[in-house]
S.K.: 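Take a look at this one; I'll ask things after.
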Amino acid sequence: MSRIVMKFGGTSVADLDRIRNVARFVRREVEAGSSIVVVVSAMAGETNKLVALCRQAGPADPKLGMHDVEYDAVVSSGEQVTSGLLALVLQNQGLRARSWQGWQIPLETDMAHGKARIADIKGEALGEAIDGGEIAVIAGFQGIAPDGRIATLGRGGSDTTAVALAAALKAERCDIYTDVDGVYTTDPRIHKLARRMDRISFEEMLEMASVGAKVLQTRSVELAMAYKVPVRVLSSFDNPETPGPGTVICDEEEIVEKNIVSGITPSHDEAKISLLAVPDEPGRAARIFTLLADANINVDMIVQSPSRAPGKANISFTIPEADLDRAATLLSDAKDDIGYSAIQSDRNVVKVSVIGVGMKSHAGVASVMFKTLADRGINIQNISTSEIKISVLIDSQYTELAVRALHQAYGLDRAA
Ligand code: ADP
Ligand code: ASP
Ligand code: MG
């Protein structure tokens, strides 16, 4: 019997009506004869509320991290509620269903509370339950760490729960139901002319996710790629009887029609720090970035340029916006050791990335990007590249203008 994993995100389970609607999608797959695992997120907005409560209860000093074990105990609770509610709704419709928390599977993680990675899934009991005809409703986003405590998988982590379960159970496919009907060339909420893609390669989806397209958590795409899990993104707002085709994430070879650039992704989750007049000598950059690495702060786009002061350089870089206060405090405390004259920070920046496997074999993608932005008078502050991606940092007031202009420049607009 084929096994199918279905995952429903926060807006898809936002209230009891939406949960009843999810049950209609589940019933359809049950009636088609598959063994079903359903992974649910917390109700829309619930995890944000729980995170905010933890912040209010947590330490006021930004240098002291949150107590991540208790953070996990709190924020994992949203999924506990929705898994129980969906199981109840399914039971009331005469279907056999039960809820499973991460520790009951067990879905084992590492010790990185707050952003844990899955270490192992002992899925025998779960596999037996679903093959015996019971629908398993799993609380996404959570597992159990080696300390015996609940661990969460980082924001958006229910996607990863779903793909990891699909891999562990050797499921035929993993369907990710969300509030858009597939993966688009850019966020369809930002640009009306965005186009749904029938297919996107694992590699491009991975890059899109990692630069900030939150439609799938990055780690879920890594797992899908590593374990060759066929993933589909589709909408829970479609009619459950006639759902749309969604977007299939697959190997590059399975895609016939290829564009040089397949997507444009803006990310607001960025902040820029500039350190002015740092002595231009070996070891200074190492001090800055070791300090940040030790505090678990990820640094992204780095630019070093000569300062007006002789023998000095300005160093600017981006970090996640949520880490800005902590980074600024750490760097201010280390001012004498690093030797800079002033520190500046800027939250009003956005990283805009263009992604496409076609870049590997086609020249000129960067020049189109830079010229398009220059023609609109948009100044580029920082740049970073990978084999299939170019990212630029710009003033956030130009986000929509930049996305729309680039979308058109790379021929991605759908016919209006
Ligand atoms: P869920 O709660 O179902 O996990 P998310 O909010 O995490 O849903 O992800 C879905 C959202 O991702 C969409 O509402 C959309 O605004 C956003 N998104 C960003 N980039 C894209 C893209 N390229 N294609 C589709 N959706 C995108
Ligand atoms: N509820 C969690 C979050 O909001 C996990 C998820 O929805 O995937 O981040
Ligand atoms: Mg999500």
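Values below: all heavy atoms of this structure, side chains included; hydrogens, waters and symmetry mates excluded. Note that ligands are numbered from 1 as they come in the structure, with each ligand's atoms numbered from 1 the same way.
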S.K.: Should Lys7 be counted as touching ligand 1, given the test is an N or O pair under 3.5 Å?
M.R.: yes
S.K.: Any idea which part of Val180 is under 4.0 Å from ligand 1, heavy-atom wise: side chain, backbone, both or neither?
M.R.: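 For Val180, the contact with ligand 1 is made by the side chain alone.
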S.K.: Give yes if a backbone or side-chain nitrogen or oxygen of Asp159 is under 3.5 Å from a nitrogen or oxygen of ligand 2, and no if not.
M.R.: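 Such a contact does not occur with ligand 2.
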S.K.: Using a 4.0 Å cut-off to any heavy atom of Tyr184, which atoms of ligand 1 qualify?
M.R.: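 Listed by number with element: 22 (C), 23 (N), 24 (N), 25 (C).
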S.K.: Determine, using heavy atoms of Gly10 and all atoms of ligand 2, whether some pair is separated by less than 4.0 Å.
M.R.: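 No; Gly10 lies far enough from ligand 2 that no heavy-atom distance drops under 4.0 Å.
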S.K.: Are Phe289 and Phe317, when compared by the centres of their aromatic rings, separated by less than 6.0 Å?
M.R.: yes
S.K.: Could you say whether the N/O atoms of Asp159 and ligand 1 ever approach to under 3.5 Å?
M.R.: no
S.K.: List every atom of ligand 1 that sits less than 4.0 Å from any heavy atom of Arg189, numbering the atoms from 1 in the order shown and giving each element.
M.R.: 13 (C), 14 (O), 15 (C), 16 (O)
S.K.: Looking at ligand 1, does Gly182 have a heavy atom less than 4.0 Å from it?
M.R.: yes
S.K.: Counting only heavy atoms closer than 4.0 Å, does ligand 1 sit against the backbone of Thr265, its side chain, both, or neither?
M.R.: neither
S.K.: Hey, does Gly10 come in under 3.5 Å of ligand 1, counting only N/O atoms on both sides?
M.R.: yes
S.K.: Enumerate the atoms of ligand 1 whose separation from the nearest heavy atom of Asp179 is less than 4.0 angstrom.
M.R.: 10 (C), 11 (C), 13 (C), 14 (O)
S.K.: What are the atoms of ligand 1, with element, lying closer than 4.0 Å to any heavy atom of Thr186?
M.R.: 23 (N)
S.K.: Just distances here: any N/O of Asp187 and N/O of ligand 1 closer than 3.5 Å?
M.R.: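 For ligand 1, there is an N or O atom that lies under 3.5 Å from one belonging to Asp187.
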S.K.: Step by step, would you call Lys192 with Asp413 a salt bridge (Lys or Arg N to Asp or Glu O under 4.0 Å)?
M.R.: CA-CA 9 Å; Lys192 281 202 303 291; Asp413 285 2; over 6 Å; no
S.K.: Heavy-atom contact check, 4.0 Å cutoff: does Gly140 meet ligand 2?
M.R.: no
S.K.: Would a 4.5 Å heavy-atom cut-off, applied to side chains only, mark Ile105 and Ile138 as touching?
M.R.: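 Yes, close enough: below the 4.5 Å cut-off.
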S.K.: So for Glu46, does at least one of its heavy atoms come nearer than 4.0 angstrom to any atom of ligand 2?
M.R.: no
S.K.: Run down the list Met43, Arg155, Gln217 and name the one with the heavy atom closest to atom 4 (O) of ligand 2.
M.R.: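 Looking at heavy atoms only, Arg155 sits closest to atom 4 (O) of ligand 2.
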